[in-house]
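These notes are about the structure you will find just below.
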Amino acid sequence: VSVIGRVSVCHWSCRCLSLVVSVSVIVSVIGRVGVCHWSCQCLSLVMSCLSLVVSVSVIGHSYDGEEEAFPGPQGINVGSFPKDFRYGGPDEYDSEAAGGPSADNKPRILLMGRQRSGKSSIQKVVFHKMSPNETLFLESTTKIIKDDVSNSSFVQFQIWDFPGQIDFFHPTFDSEMIFRGCGALIFVIDAQDDYTSALQSLHETVTRAYKVNPGIKFEVFIHKVDGLSDDYKIETQRDIHQRANDELADIGFDSINLNFYLTSIYDHSIFEAFSKVVQRLIPQLPTLENLLNIFISNSGIEKAFLFDVVSKIYIATDCSPVDMQSYELCCDMIDVVIDISCIYGAKEDGDNETFDCQSSSIIRLNNATILYLREVNRYLAVVCILREDSFERQGLIDYNFHCFRKAIQEVFEVQHKMAALSKLPPDLNDTATIQSNGLVGQGHTSDVLS
Ligand SMILES: Nc1nc2c(ncn2[C@@H]2O[C@H](COP(=O)(O)OP(=O)(O)OP(=O)(O)O)[C@@H](O)[C@H]2O)c(=O)[nH]1
């Protein structure tokens with residue numbers, strides 16, 4: 001019993017049980033004195049006392065052991081979906097570990113809009129895999145909710161979900177702090193409701209934010225369009241676009257650029273819109289697009305997306321236009337691959353890293369089209385759409401993909417090098433920046449592919 005008590009992972013009740021049993025053994029032994037030989041009884045008494053001493057000492061230091069085994073609440077990984085559901089162990093591209101921005105320095109995406117416009121639902125559906133129907137039960141947000149999204153080395157930002165009613169004049173509202181480090185501001189308008197007051201609020205929010213930080217990208221989600229007919233959607237978008245821009249022009253703010261998206265959590269439009277928002281925050285986007293263009297033109301591929309696997313946001317695509325159906329097909333493919341990998345790919349040693357360098361998939365559609373998925377790194381995958389006859393040269397495609405992946409890794413390396421350099425003293429930093437900038441040129445990346 002005292003041995004059980006010593007197991008550091010045991011519950012404290014085991015240790016108490018151990019103490020109680022030891023005491024009762026001593027009592028019963030004392031009670032038996034007179035029946036056995038006196039030497040046996042003495043031995044038994046000594047053993048019991050030893051057991052008692054061991055148990056007491058185990059109880060004495062038990063909580064030290066427990067703390068090691070169970071890190072307290074601060075040690076538990078809570079927060080955004082990607083952290084709970086990541087496919088691997090510790091993050092090899094973890095921003096802080098790699099010298100990247102700490103949580104507070106990550107670019108921010110602010111989600112603002114009137115009450116019940118759908119802000120929290122968007123965040124939960126895109127980054128926490130909540131099913132759209134479950135959002136019906138979401139409670140109203142009463143304070144700013146900060147969510148750290150760092151599931152890929154390219155997608156590193158915080159999302160701040162604001163309550164519907166923001167009072168810009170409230171003393172606790174620090175616009176300087178809120179808008180200063182902000183990369184993009186998403187303003188959500190409920191298209192199923194009367195949007196006159198939402199437009200006023202949009203105007204007020206945009207002008208205030210612009211005064212603090214003119215570099216913010218302003219994105220307007222005309223949301224909940226699932227309930228509208230196609231004609232009405234277009235008409236609503238035109239009307240909101242016109243009125244919002246006219247109001248800004250009236251006060252001389254016509255240099256502010258607002259981007260409009262028709263979105264709904266009930267289809268892929270919300271993922272597509274978020275993809276565009278995130279892409280505008282990725283400084284390496286032109287390099288990534290260029291790499292994809294070279295890759296597809298040399299491999300007979302019609303369309304390719306570079307996906308962040310967990311969120312299904314595409315962080316880059318080639319220069320051909322994106323049609324919604326292709327994007328949906330690719331998203332569905334990622335779901336299939338991840339589901340199958342989770343069921344059949346789990347390793348025997350309990351390692352749940354199911355999305356790895358071996359991950360790839362080919363799906364043949366009945367219209368002579370092929371969907372081809374390849375892992376780029378533990379967060380990113382390329383999904384390509386191509387004709388069946390182009391896939392006859394799979395060796396060539398695989399070789400080109402190999403070069404593409406190598407080039408992407410170099411982009412990562414430069415990013416990390418730059419992040420590390422930004423921490424050097426300014427005089428050292430200048431020389432080093434010039435040297436490492438020489439690596440990023442298109443010529444260099446094209447060389448790798450050719
Ligand atoms: N039809 C439809 N309903 C949606 C959509 N997005 C959100 N909703 C619903 O809108 C309601 C409000 O959503 P919330 O996400 O709580 O809205 P919010 O803007 O965060 O609200 P506050 O926290 O009060 O500011 C919920 O019942 C959602 O189910 C959408 O795309 N289509």
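Sequential numbering from 1 along the given sequence is applied to the chain's residues. Atoms within each ligand, like the ligands themselves, are counted from 1 in listed order.
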TODO: Please say whether Y266 places an N or O atom under 3.5 Å from an N or O atom belonging to ligand 1.
DONE: no

TODO: Find all atoms of ligand 1 within a distance of less than 4.0 Å from any non-hydrogen atom belonging to Q192, and give their numbers and elements.
DONE: 1 (N)

Open item on the list: Please check whether S121 reaches ligand 1 - meaning an N/O of the residue sits under 3.5 Å from an N/O of the ligand, judged on distance alone.
Closed with: yes

Open item on the list: To the closest 0.5 Å, what do you measure between CG (L281) and CZ (R108)?
Closed with: 12.5 Å

Task: Distance-only side-chain donor-acceptor flag, K303 / S320, under 3.5 Å - done: yes

Task: ligand 1 atoms in contact with G164 (distance to a heavy atom under 4.0 Å) - done: 25 (O)

TODO: Consider every N or O of D161 and every N or O of ligand 1, then say whether any pair is closer than 3.5 Å.
DONE: no

Task: T263-S269 side chain donor-acceptor pair, cut-off 3.5 Å - done: no

- [ ] Could you tell me whether the side chains of T287 and N290 share a donor-acceptor contact shorter than 3.5 Å?
- [x] no

Open item on the list: Checking the N or O distance criterion of under 3.5 Å, is ligand 1 in contact with G118?
Closed with: yes

- [ ] Looking only at protein heavy atoms, identify the closest one to atom 23 (O) of ligand 1 and say how far it is in Å.
- [x] T141 N, 2.6 Å

Open item on the list: Taking a cutoff of less than 4.0 Å between a non-hydrogen atom of the residue and any ligand atom, is S117 in contact with ligand 1?
Closed with: yes

Open item on the list: Within the 4.0 Å heavy-atom shell around S140, which atoms of ligand 1 are there?
Closed with: 22 (P), 23 (O), 24 (O)

Open item on the list: Is it true that Q409 and N377 share a donor-acceptor pair across their side chains at a distance under 3.5 Å?
Closed with: no

TODO: Any atoms of ligand 1 less than 4.0 Å from a non-hydrogen atom of T135? List them with their elements.
DONE: 26 (C), 27 (O), 28 (C), 29 (O)

Task: Side-chain donor-acceptor pair present, Y372, R374, cut-off under 3.5 Å - done: yes

- [ ] Go through ligand 1 atom by atom and flag the ones less than 4.0 Å from a non-hydrogen atom of L136.
- [x] 27 (O), 29 (O)

Task: Atoms in ligand 1 flagged as close to D226, the criterion being non-hydrogen separation under 4.0 Å - done: 1 (N), 2 (C), 30 (C), 31 (O), 32 (N)

Task: Residues S264 and K224: side-chain donor-acceptor under 3.5 angstrom - done: no

- [ ] List the closest protein heavy-atom neighbour of atom 25 (O) of ligand 1: residue, atom name, distance to the nearest 0.1 Å.
- [x] K119 NZ, 2.8 Å

Open item on the list: Give me the residue, atom name and distance of the protein heavy atom closest to atom 10 (O) of ligand 1.
Closed with: K224 NZ, 3.0 Å

- [ ] Consider every N or O of T263 and every N or O of ligand 1, then say whether any pair is closer than 3.5 Å.
- [x] no

Task: Stepwise salt bridge (Lys or Arg N to Asp or Glu O under 4.0 Å) check, D230 with K233 - done: CA-CA 5 Å; D230 283 349; K233 271 187 214 174; 3.6 Å; yes

Task: Identity and separation of the nearest protein heavy atom to atom 20 (O) of ligand 1 - done: S120 OG, 2.7 Å

- [ ] Please indicate whether any nitrogen or oxygen in P163 is less than 3.5 Å from any nitrogen or oxygen in ligand 1.
- [x] no

- [ ] Decide, yes or no, whether a salt bridge links R405 with E375 under the criterion of side-chain N to carboxylate O below 4.0 Å.
- [x] yes

Open item on the list: Testing D308, V322, L306 one by one against Y314 for a side chain to side chain contact (heavy atoms under 4.5 Å, CB included), which residue passes?
Closed with: V322

- [ ] Note the single closest protein heavy atom to atom 12 (C) of ligand 1, along with its residue, its atom name and the distance in Å.
- [x] R116 CZ, 3.5 Å

- [ ] Identify, by atom number and element, the atoms of ligand 1 in contact range of S264, meaning under 4.0 Å from any of its heavy atoms.
- [x] 31 (O)

Open item on the list: Between the side chains of E219 and K276, is the shortest nitrogen-to-carboxylate-oxygen separation below 4.0 Å, so that they form an ion pair?
Closed with: no

Task: Nearest neighbour in protein (non-hydrogen) for atom 6 (N) of ligand 1 - done: H223 NE2, 2.9 Å

- [ ] Kindly say whether the aromatic ring centers of F187 and F221 come within a distance under 6.0 Å.
- [x] no

Open item on the list: What protein heavy atom lies closest to atom 31 (O) of ligand 1? Include the residue and the distance to one decimal.
Closed with: I265 N, 2.9 Å

TODO: Answer yes if the side chains of N133 and S131 hold a donor-acceptor pair under 3.5 Å, and no otherwise.
DONE: no

